[in-house]
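In what follows, chains are A, B, ... by sequence order, proteins preceding strands, each numbered from 1.
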2 protein chains.
Amino acid sequence: MAVKLNPHVSVDCVIFGFDGQSLKVLLIDRNLGLTPEKQTAPNSLKLPGSMVYDDEDVDTAAVRVLKELTGLENIYLQQLKVFGSPDRLSKKDDLDWLQKATRMTINRVVTVAYYALIKLHKAMPCEGKVIWQDTQNIPELAFDHRDIVIEGLTALRKEVQYEPLVFELLPKKFTIRQLQTLYEIIEGRKFDNRNFRKSISRWQYLQPIDEKEKNVAHKPAQFYRFDKRAYQRLKKEFFE
Amino acid sequence: MAVKLNPHVSVDCVIFGFDGQSLKVLLIDRNLGLTPEKQTAPNSLKLPGSMVYDDEDVDTAAVRVLKELTGLENIYLQQLKVFGSPDRLSKKDDLDWLQKATRMTINRVVTVAYYALIKLHKAMPCEGKVIWQDTQNIPELAFDHRDIVIEGLTALRKEVQYEPLVFELLPKKFTIRQLQTLYEIIEGRKFDNRNFRKSISRWQYLQPIDEKEKNVAHKPAQFYRFDKRAYQRLKKEFFE
DNA sequence: AAACTTAGCGTAAAAAATACGTTAACTATT
DNA sequence: AATAGTTAACGTATTTTTTACGCTAAGTTT
């Protein structure tokens, strides 16, 4: 490895995506491509992450992990929480894997967890190499990564109440139905469609575009887009 | 020092207190008690913090810092954010001080910032040794501690909207006026007293006690207390 | 006893949230 | 060509919450 690592601090990213049906989280199978004897036994799924380079900003390390994996930049990325228990690496499989992956003897890593929101329909270099796990059903993962995912879900559910995060997960053009479905999935409750429309009709940053659904066996829905500039302007005005 | 340190990860605590008039943050003067020639030049004020011990949970380190300083336990304490820029220690004074304080050559520390809320009127062992700085006016501090304080204020302002954090800052018994004043200071805006009373009258966890103000030159105010159990019960019911 | 000061209640109006029914526009099927 | 099936999109009445604003109460000081 060319770059010097800081063997004490890592970053891990909980990357969320929405496929129209359900909320997914990106997981990596650390056994993928390894010969059977090199593989670690169960819980081979983990979050994407990396040690922080020796002279690298921690936040930058998270951006790097995202870029390397998805090819995407300018993604919504937030610090989630630090996981700093001294026995985070207590499972033997995890320790072994870490040693092989970093070629260092490590017995403690404090990790800074981030969560990111991406538009799932975009083509990504990691396609086929990663697992998009449904967030309704998170299996046991490597290290304390299951806890991290759950913490990420909690944070997303909270933040989505106050910030228009859903637009980071939806495609550029979307219908009101898609918007409502996504809110319903994240918040885990149903909305009355008529009242939902009424409430979002106040959002000046939600703009209809000159396009409708096609080839659907029902009345085609209007497409909308998120006007980020309008949103930021309104937010600024609000604070003045 | 008897305990082995992890020279890469530290914790820093933004400790808030309310004296009835204004919101304060606890700062330490690192020159205090040093002979003049040993003192570091300007910006000698810093947040309380510590390196994380080698086998210590990061959260536990923050609890320890709080306990050592204030003697208090079971304090409201939340992770705030990680400050992980590689040039956090860029000021020469800061590096020198760190070297003296830890007796180690350190060129990078990732710090996990926490914020804590305490009841200011309680007696504390650190009394006289620390500075309670008004949050309206935070001077330049050591390291990036000014940024950390500002981040702490932002987090407090946000959280106070959704959680009854104010009761961690108020004395056990308090008046509605004190409660309102604290909200006004944290949120930086005024409330209509009549409407304020109306809105809090729905809070079932806010309970009048059998005591009123004494020796005040006006109608004495009713004292109230925060019923934490009732709050937790109501919160639990809400999520079911 | 009069003046001063903050506590504490109440009502009317506006805004937001909730509950609920019907028509519109398309495709697929006969 | 007509019918059935499906989701889009709109509107109104009711309840709840928020906002705006005025007056009396209960102490201390002079």
### Query
Is it true that the NZ or CZ of Lys81(A) lies under 6.0 Å from the centre of Phe83(A)'s six-membered ring and within 45 degrees of the ring axis?
yes
Report the relative orientation of the aromatic rings in [X] and [Y]; use parallel for angles under 30°, tilted for 30 to 60°, perpendicular for over 60°.
| X | Y | value |
| --- | --- | --- |
| Phe191(B) | Phe196(B) | tilted |
| Phe143(A) | His145(A) | tilted |
| Tyr205(B) | Phe226(B) | perpendicular |

Between [atom2] on [N] and [atom1] on [X], what's the gap in Å once rounded to a whole number?
| X | N | atom1 | atom2 | value |
| --- | --- | --- | --- | --- |
| Phe196(B) | dA7(C) | CZ | P | 12 Å |
| Lys219(A) | dT22(C) | NZ | P | 17 Å |
| Gln178(B) | dT6(C) | CD | P | 14 Å |
| Phe223(B) | dA7(C) | CZ | P | 11 Å |

### Task
Between Asn195(A) and Lys212(A), name the one whose nearest nucleotide on DNA chain C is closer to the 5' end.
Asn195(A)
### Query
When the nearest nucleotide of DNA chain C is assigned to His218(B) and to Asp192(B) on a heavy-atom basis, which residue is associated with the more 5' position?
His218(B)
Pairwise distance [atom1]([X]) to [atom2]([Y]) - rounded to 0.5 angstrom:
| X | Y | atom1 | atom2 | answer |
| --- | --- | --- | --- | --- |
| Leu165(A) | Glu168(A) | CG | CD | 7.0 Å |
| Lys24(B) | Gln133(B) | NZ | CD | 8.0 Å |
| Arg30(B) | Leu27(B) | CZ | CG | 12.0 Å |
| Thr135(A) | Leu23(A) | OG1 | CG | 4.0 Å |

### Task
Could you tell me from which nucleotide to which nucleotide of DNA chain D, 5' to 3', there is an atom under 4.0 Å from chain A heavy atoms?
dG5(D) to dT12(D)
### Message
OP1 or OP2 of dA7(C) versus the side-chain N and O atoms of Arg177(B): is any pair under 4.0 Å?
### Response
yes
### Query
Just checking Gln222(B): base, sugar-phosphate only, or nothing, at a heavy-atom cut-off of under 4.0 Å?
sugar-phosphate
### Query
Of Arg194(A) and Ala217(A), whose nearest nucleotide on DNA chain D comes first from the 5' end?
Ala217(A)
### Residues Lys158(B), Glu187(B): salt bridge by 4.0 Å N-O rule
no
### Message
Contact list please: residues 197-205 of chain B against DNA chain D, heavy atoms, distance less than 4.0 Å, in numerical order.
### Response
Lys198(B), Arg202(B)
